J.: 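Next up is a structure, given as structure tokens.
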Amino acid sequence: MNDNFRELKARLRRLDELLAGRGTVDPEFAQAVSAVRRAAKHGDRTRDPSPELRSLLERAESLGRSKITSS
């Protein structure tokens with residue numbers, strides 16, 4: 001597995017942990033994390049993550065941060 005893809009998967013695991021702690025209270029965040037999971041599942045792990053995949057991850061992280069600060 002490519003190191004950059006490994007780093008992306010680690011960030012996705014942190015989002016999964018955050019989502020598990022929230023439950024289904026925030027459907028927008030849950031959908032964003034799900035979109036990242038689906039894109040990562042079909043991504044080429046031998047190459048750097050695509051710009052689209054990075055964009056999805058950054059959007060999910062942004063939603064996760066915004067909900068933490070507003071809580």
Side-chain angles (χ1 to χ4, degrees):
M1 182 182 298
N2 179 304
D3 286 338
N4 291 328
F5 210 92
R6 183 173 289 123
E7 180 256 339
L8 183 135
K9 295 290 277 189
R11 290 167 62 185
L12 181 55
R13 280 192 294 279
R14 286 192 293 273
L15 288 174
D16 282 332
E17 291 169 4
L18 183 59
L19 181 61
R22 286 186 191 172
T24 58
V25 180
D26 188 0
E28 185 179 12
F29 177 62
Q31 289 173 346
V33 172
S34 179
V36 176
R37 264 194 234 117
R38 284 192 311 272
K41 182 178 181 179
H42 297 291
D44 183 353
R45 289 168 175 76
T46 63
R47 299 178 184 259
D48 284 345
S50 69
E52 294 83 11
L53 180 53
R54 288 200 176 274
S55 176
L56 288 169
L57 178 66
E58 289 167 4
R59 179 177 182 274
E61 288 176 333
S62 176
L63 286 169
R65 279 191 300 273
S66 69
K67 301 300 178 178
I68 289 172
T69 57
S70 67
S71 297

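In this chain, residues are counted from 1 in sequence order. On a predicted model such as this, the values are computed, not experimentally measured, just so you know.
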J.: Supply the atom-to-atom distance E7 CD to L57 CG, rounded to the nearest 0.5 angstrom.
T.: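 Here the interatomic distance stands at 7.5 Å.
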J.: Pairs in or reaching into residues 55-64: which pass salt bridge (charged side-chain N to carboxylate O under 4.0 Å, His left out), with residues at least two apart or in two chains?
T.: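 The answer is R11-E61, E28-R59.
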J.: Rounded to the nearest 0.5 Å, what separation is found between the CG atom of L63 and the CG atom of L18?
T.: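 L63 atom CG to L18 atom CG measures 10.5 Å (nearest 0.5 Å).
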J.: Quick one: do D3 and R6 satisfy salt bridge (charged side-chain N to carboxylate O under 4.0 Å, His left out)? Show the steps, please.
T.: CA-CA 5 Å; D3 286 338; R6 183 173 289 123; 2.8 Å; yes
J.: Minimum heavy-atom separation for R37 and L19, please, with both atom names.
T.: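 Smallest interatomic distance, heavy atoms only, reads NH2-CD2, 3.6 Å.
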J.: Counting C-beta onward and ignoring hydrogens, is there a side-chain heavy-atom pair between F29 and L15 closer than 4.5 Å?
T.: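 They are in side-chain contact.
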J.: What residues form a side chain to side chain contact (heavy atoms under 4.5 Å, CB included) with L56, not counting sequence neighbours?
T.: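 L56: side chain to side chain contact (heavy atoms under 4.5 Å, CB included) contacts with A35, V36, A39.
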J.: Given D48 and R54, is the salt bridge (charged side-chain N to carboxylate O under 4.0 Å, His left out) satisfied, shown in steps?
T.: CA-CA 10 Å; D48 284 345; R54 288 200 176 274; 5.7 Å; no
J.: Using the test side-chain hydrogen bond (donor to acceptor under 3.5 Å, both in side chains), find all partners of R14 that sit at least two apart in sequence or belong to another chain.
T.: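 Not a single residue meets the side-chain hydrogen bond (donor to acceptor under 3.5 Å, both in side chains) criterion with R14.
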J.: Any chance you could measure R13, atom CZ, to K9, atom NZ, to the nearest 0.5 Å?
T.: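 One gets 7.5 Å once the value is rounded to the nearest 0.5 Å.
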